[in-house]
Amino acid sequence: MITGESQFIRGACPHDCPDTCAVITEVRDGKAISFRGDPDHPFTQGWLCAKVRLYLDRVYHPDRLTQPLRRVGPKGGGQWEPISWEAAVSEITSRWNAIIAEHGPAAILPYSYSGTLGLLQLAVCNERFWNRMGASGLERSICGAAAETAVQATLGGRHAPTAEDIIHSKLIIIWGNNPSSTNPHFVPFLRQAQRSGAKVIVIDPRRTLTARSADQHIQPRPASDGALALGMMHIIFSENLHDEAWLDANTVGWRELRERAADYPVERVAKITGLSTNVILALAREYATTRPSIVKFADGIQRHANGGQTSRALCCLPAIVGQIGVRGGGLYYSTSDYVRWDAETVGHASECPPVPRIVNMNRIGAALTGEVNDPPIESLFVFCSNPVASSPNASLTIEGLKREGLFTVVHELFMTDTAQYADIVLPATSQLEQLDLHKPYGHRHLQFNNPAIEPLGESKSNWEVMQLLAEGMGYDEPWLRQSGEEVLDEIIEASRQSCPALDGITLERLKSEGTVPIAFPNGPQQVPYADLKFSTPSGKVELRCETMREMGMDPLPEYIEPPEFSNRLNNGELVLISGASHHYVSSSLANVPRLMAKEGAPFIEINTADAATLSIRDGQDVTVENRRGSCVLRAVVTEDVPPGVTVAPKGAWAKTSPDRRNVNWTTSDAIGDLAGQSTFHSNLVTIRPV
Ligand SMILES: Nc1nc2c(c(=O)[nH]1)N[C@H]1C(S)=C(S)[C@@H](COP(=O)(O)OP(=O)(O)OC[C@H]3O[C@@H](n4cnc5c(=O)[nH]c(N)nc54)[C@H](O)[C@@H]3O)O[C@H]1N2
Ligand SMILES: Nc1nc2c(c(=O)[nH]1)N[C@H]1C(S)=C(S)[C@@H](COP(=O)(O)OP(=O)(O)OC[C@H]3O[C@@H](n4cnc5c(=O)[nH]c(N)nc54)[C@H](O)[C@@H]3O)O[C@H]1N2
Ligand code: SF4
Ligand SMILES: [Mo]
């Protein structure tokens, strides 16, 4: 350490956000003293969002866990004794050895999601140790599984344009996506396009921050977008506005899709969506006749029981009007598949026993309370996730975590809603204290994260913990003993074989440059699918999609109302959407006092007319309830949501909420139509003053 002088360390924001900002930490005398966006980064452009600007508040939060803790009182009782790492590892591994002897390793379940998105600290730690053990697998479908699967099946991969190219669009449809909160660095490019004459249409039941600055805001009923998209297709086909030559050359099944779309005449679609026929007709015609036109969506819209088919319908739209492969046109979903890490090197699965079974993470409460048997889950290891706060049907999750005999270990930075039910809590490092490599899902660079400071207290990174546990279990494979840099180097080198996008990208370069653009054969502005090659089984855009049929779905997009909505009792039930909060990332950062002050008390937006019917005043505390559970939220009476729809953002911790519960006490753990998808927004509640 150099004393008295500042060092500037390049890093990456680790949060679950498409922007993966390039950050620079200023370190003096071993302490981080400032944290900024890299001014030279083409996407970060020198600024950080409202959440992460205050990152040092998180890193040096007085509540950081700094030593391993062992539960002394009853589960969830909040009484702990500090123990050494040696004692913690020895207790964990001896409990696991006993469980494995009695039930086999399938009785042990790792549970993780997106506390960090790093290759080393998340992807590798999701795989290597657990594969070696033969533990149960986790179906990680809480976020965007349905859309990811739909995009890959329809187009062959997740390839989005560079944000700079949005300037070429003339019509930008932002469909159930709220970039002003969830993808903020996209917004300056959007504004620039708008200033250059592009029309921006936001389709979202809620008047979001993004909708406020759009040229048009269309508010369909929740989960009706599949019908809207099919209705648009029907108008486009019947008015002969489709691009027949393009469809013939580049798609399979367009005539069948045309037939399917004919089931969605505009009057029917108006009924389903609650929109006027004029709005639907104008939207379809404008979309078909304005070029280039682009559809941008993300994962919020597909957290419904029909999210898979909704995503499929959105993926098909740009093909109908021949806008795929066009600069400024097409589909803007995710950049995740430009670089694909070599799965075998990440997980070494071929050298391990097969994964004995897979547990859907959305069903964690049910799984822990009897749905998963033979063997039952005897031990849970949670890292990079806060399921009590962030997974659906929280009261069932807690019932599961309280089960006597379940041995729960949580590796965390903080005593979260989940950690408080653990038997052993292990302290985790923050991004400033750990090494990692990030592949963003919202831009086309790789971002390296050099550790900037020493681990706080006795905290350890995920990879260090996996190595300690491997040693404790007596696993001595060399790929469980590599340093973090060796792991990353091995993965980059192995992936390069099949991934030309890694041309010229080495660990050395990443370490020193921090930001390295992905290599595109036709330059960094390369348009997705410009070569009209699609890595689907047919090599074309699969409007009729056999992969869907193999997954038990209708191979053509369709609209089916979520069962939660069609079983509506009509006793004043309202739809509750719980998307992203502006100041937290899921439940991460929701314990930072300055962010909590900005976000305010956990709230629910209710339309003025509904509030009047329910005798609810603005600012009043209300009980939000259904058969799964309830929580108390502050009523915001507003015209930003239409009658029948309410919005309560995710993220608030139960611990710091008025009645020690959050919105996930009401959300459903039912599984959606595709890929085990969560269905948070297919949620009906009743609301009354407290
Ligand atoms: N500030 C902030 N940023 C985040 C996150 C966060 O928690 N906070 N979370 C991150 C994560 S994990 C993710 S996955 C992404 C998600 O990014 P987004 O998908 O942009 O975020 P969401 O708020 O989940 O959903 C977007 C919008 O979908 C709308 N929506 C819900 N149901 C429907 C529907 O049926 N139809 C239509 N048309 N719209 C609907 C919601 O009203 C919401 O405004 O954001 C990431 N970025
Ligand atoms: N009601 C409702 N709930 C939702 C959603 C919704 O739309 N509505 N959206 C869902 C979505 S999109 C997502 S992606 C999920 C996210 O759900 P989770 O993945 O559970 O995300 P978080 O709640 O942010 O919890 C992440 C935890 O990881 C910890 N962490 C961070 N970095 C590290 C690390 O390096 N090591 C370890 N060991 N821990 C670390 C953080 O401190 C934090 O407590 O939430 C879902 N929850
Ligand atoms: S949360 Fe997103 S926008 Fe904010 S700093 Fe991180 S990557 Fe950038
Ligand atoms: Mo997510």
Side-chain angles (χ1 to χ4, degrees), residues 11-23 35-38 41 43-45 47-55 113-115 117 140-145 147-148 173-187 202-211 217-229 273 296-307 310 314 333-334 390 431 438 440-443 447 562 565 575-590 595 599 605 640-641 645-647 649-651 678-683:
C13 176
H15 286 295
D16 190 342
C17 169
D19 297 15
T20 311
C21 286
V23 297
F35 185 79
R36 300 191 203 120
D38 181 348
H41 192 276
F43 194 61
T44 306
Q45 298 200 324
W47 58 280
L48 300 177
C49 67
K51 314 172 283 281
V52 169
R53 210 170 290 151
L54 304 180
Y55 208 62
Y113 200 67
S114 65
L117 296 187
R140 291 188 170 81
S141 51
I142 202 166
C143 174
E148 287 163 21
I173 302 184
I174 303 198
W175 204 319
N177 169 214
N178 183 16
S180 297
S181 291
T182 62
N183 181 186
H185 293 83
F186 172 76
V187 176
V202 168
I203 303 181
D204 194 312
R206 182 193 193 202
R207 198 164 77 102
T208 57
L209 268 179
T210 312
H217 179 203
I218 296 175
Q219 292 173 279
R221 288 209 180 97
S224 69
D225 307 81
L228 179 56
T273 58
K296 182 177 189 303
F297 80 110
D299 294 327
I301 189 178
Q302 49 89 71
R303 262 172 239 130
H304 280 288
N306 58 10
T310 301
L314 297 189
Y333 171 67
S334 151
S390 288
Q431 182 78 339
H438 291 255
Y441 62 94
H443 61 86
Q447 302 297 148
F565 295 171
V575 176
L576 171 53
I577 291 174
S578 49
S581 65
H582 190 70
H583 296 96
Y584 314 139
V585 182
S586 295
S587 80
S588 296
L589 301 162
L595 293 175
E599 182 71 16
E605 295 175 347
D640 288 346
V641 291
V645 177
T646 64
V647 167
K650 65 174 171 174
S678 64
T679 60
F680 288 102
H681 307 325
S682 295
N683 183 20

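Counting starts at 1 for both ligands and their atoms, in listed order. Quick caveat, the model's predicted, so the values are computed rather than measured.
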For H185, the ligand 3 atoms with a heavy-atom partner under 4.0 Å come out as 3 (S), 8 (Fe)

Check this for me - ligand 1, I203, N or O atoms closer than 3.5 angstrom, yes or no?
yes

Does any N/O atom on T208 come nearer than 3.5 Å to any N/O atom on ligand 1?
no

Side chain, backbone, both or neither: which part of T20 has a heavy atom under 4.0 Å from ligand 3?
backbone

Short N/O/S contact of C49 with atom 8 (Fe) of ligand 3 (below 2.8 Å)
no

Are the side chain of Q302 and the backbone of A147 linked by a donor-acceptor contact shorter than 3.5 Å?
yes

Taking 2.8 Å as the cut-off, does H15 contribute an N, O or S atom near atom 2 (Fe) of ligand 3, distance below it?
no

So, does T44 use its side chain to make a donor-acceptor pair with the main chain of H41 at under 3.5 Å?
no

List every atom of ligand 3 that sits less than 4.0 Å from any heavy atom of K51, numbering the atoms from 1 in the order shown and giving each element.
1 (S)

Return the option from D204, D299, V585, D16 holding the heavy atom at the smallest distance from atom 27 (C) of ligand 1.
D204

Check if G651 has a non-hydrogen atom at a distance under 4.0 Å from any atom of ligand 1.
no

Is H15 near ligand 1, meaning one of its heavy atoms is under 4.0 Å from it?
no

N/O to N/O below 3.5 Å, does that happen between H583 and ligand 1?
no

Taking the six-membered ring of F186 as reference, does the cationic atom of K296 (NZ for Lys, CZ for Arg) lie under 6.0 Å from its centre and within 45° of its axis?
yes

Are any of the N/O atoms in S581 less than 3.5 Å from those in ligand 1?
yes

Could you see which bit of P184 sits under 4.0 Å from ligand 3, with heavy atoms only: side chain, backbone, both or neither?
side chain

For the pair T273 and S224, evaluate side-chain hydrogen bond (donor to acceptor under 3.5 Å, both in side chains) and give the outcome as yes or no after the intermediate values.
CA-CA 5 Å; T273 58; S224 69; 5.2 Å; no

Touching ligand 1 at all, R303? Heavy atoms, strictly under 4.0 Å?
yes

Is H443 reaching over with its side chain to a backbone N or O of C21, donor-acceptor style, under 3.5 angstrom?
no

